[in-house]
Amino acid sequence: MERSLTLTPDPLDEPALVATRRMTGDMGAAVYFSGVVRGSEDGQPISAIEYECFRPMAEHQFHQLFDELEHRWPVESLRLVHRLGVVKVNESSLWVEVIAPHRGEAFAACQWLIDEMKRVVPIWKKPVV
Amino acid sequence: MERSLTLTPDPLDEPALVATRRMTGDMGAAVYFSGVVRGSEDGQPISAIEYECFRPMAEHQFHQLFDELEHRWPVESLRLVHRLGVVKVNESSLWVEVIAPHRGEAFAACQWLIDEMKRVVPIWKKPVV
Amino acid sequence: MTIRIQFWSYFKDLTGCTQASEELPFGSTIGDLLQHLHARFPKLIAMQNSTLIAVGVEYQARDYVLKDGDEVSLFPPVQGG
Amino acid sequence: MTIRIQFWSYFKDLTGCTQASEELPFGSTIGDLLQHLHARFPKLIAMQNSTLIAVGVEYQARDYVLKDGDEVSLFPPVQGG
């Protein structure tokens, strides 16, 4: 499985990421998730979210998840970008691409990865008012 | 719910579509599906798939599905593009964007829409060898 | 009354045509129309359990009562995406 | 032996520091370390049921036996995405 993990303070350029998609002729499905900062947190308006990351552990935990994902589903390629630092409302903090032969496995793998990420990858949010 | 339906013989420019995404500050999730023509059909190599469409009925059935989707999930925006005519291997035939407050509903709505589309929207495939 | 029929996908190959029309007595149903079409295009008979039928842009069942000028579409299972 | 501790997210606010170290007898577990830390930083006590603990880059349970030089991280539930 091709894999790409980026933890970066830079804004996510999603059109550019989509433009660099690579998939072989055996693949029929590409599923994308963009997580975007919402304008309120617990009912209070916010202007941004600050993401803190324990980077060596986050990278290790992400790659453990990628290993497990690769065993569970026939995914050809996985790319994940998580933005760190201050991310303004309406900007993306997370972008995931999963490429697989069929849509069922691409959707399942993508959702599983995000659920697991939110369970084990050491990244924390702090609302900015 | 904002909705956009395009049935077109033109190649899908996915980066351009992503670049025109619009979502308000209450939305936290954008889910995308790209369906791509695979290089084989029933085990035989193919070069393309030709899509035939009964257009007035397809548009009507799509909008009935959009109506139902809007009742089931709090989706803010839905865009769907289906390519018609000859689509070469490795090119996209279908692109869907679902924007919702949270990822659970965005994923559910996107998958439901594709499943239902394959049940009721009058579009047919013919492999091109 | 006159009913126009459109064939889609490989139903065009099975019938050898894209459109046809049938004269039917008032009160005829889609089921009655299918009997006429099966007599005229016997290759449709093997497909009858999976055949989808629309009148205009809506799916209809075999017991739908046809009206003069109805446009009926016959096609195999759809496969978009 | 010397154990270094890193605090993350609002655990830094609760303890007032990002890092600390503890001297513990050989054979001490993470559970033993937590007892020392709770005495030193009482605000962590209320968090103990949801506290996540890693040694290096791996999660470990309370019965993990610490080794000299281990780097322990304490943090609240993660919230990426």
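Every chain is numbered from 1, with letters handed out A, B, ... down the list of sequences.
Considering every non-hydrogen atom in both A:R3 and A:D67, the closest pair reads NH2-OD1, 2.6 Å.
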Exercise. Start with the C-alpha distance between A:E91 and A:I49, add both sets of side-chain angles, then the distance that settles side chain to side chain contact (heavy atoms under 4.5 Å, CB included), and finish with yes or no.
Key: CA-CA 10 Å; A:E91 292 184 353; A:I49 284 183; over 6 Å; no
Exercise. Give the intermediate values and the outcome of side chain to side chain contact (heavy atoms under 4.5 Å, CB included) for residues B:L5 and B:E59.
Key: CA-CA 8 Å; B:L5 171 66; B:E59 289 173 349; 4.1 Å; yes
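If you measure heavy-atom distances from B:N90 to chain A, the contacts under 4.5 Å come from the side chain alone. Of the two parts of A:P101, the backbone and the side chain both hold a non-hydrogen atom closer than 4.5 Å to a non-hydrogen atom of chain B. Looking at A:S92, the atoms closer than 4.5 Å to chain B (heavy atoms on both sides) all sit in the side chain, from C-beta outward. If you measure heavy-atom distances from B:M23 to chain A, the contacts under 4.5 Å come from both the backbone and the side chain. Both the backbone and the side chain of A:V31 come within contact range of chain B, with heavy atoms under 4.5 Å apart. Both the backbone and the side chain of B:D115 have a heavy atom closer than 4.5 Å to some heavy atom of chain A.
Looking only at distances, no side-chain donor or acceptor of B:S93 sits under 3.5 Å from a matching main-chain atom of B:V36. B:E41 places no side-chain N or O within 3.5 Å of a backbone atom of B:I46 that could act as its donor or acceptor partner. In this structure, A:E116 contributes its side chain and A:W112 its backbone to no donor-acceptor pair below 3.5 Å. The main-chain N or O of A:M57 is never found under 3.5 Å from a side-chain atom of A:Q61 such that the two would form a donor-acceptor pair.
Put simply, of B:G39, B:A16, B:A30, the one with the most heavy-atom pairs under 4.5 Å next to chain A is B:A30. Highest contact tally toward chain A, considering only B:V98, B:V18, B:V37, B:V96, is held by B:V18 [criterion: heavy-atom pairs under 4.5 Å]. Note on B:E97, B:H102, B:M27, B:R103: by heavy-atom pairs under 4.5 Å with chain A, the leading option is B:R103. Counting heavy-atom pairs closer than 4.5 Å to chain A, the top residue among B:D26, B:D13, B:L17, B:V89 is B:D26.
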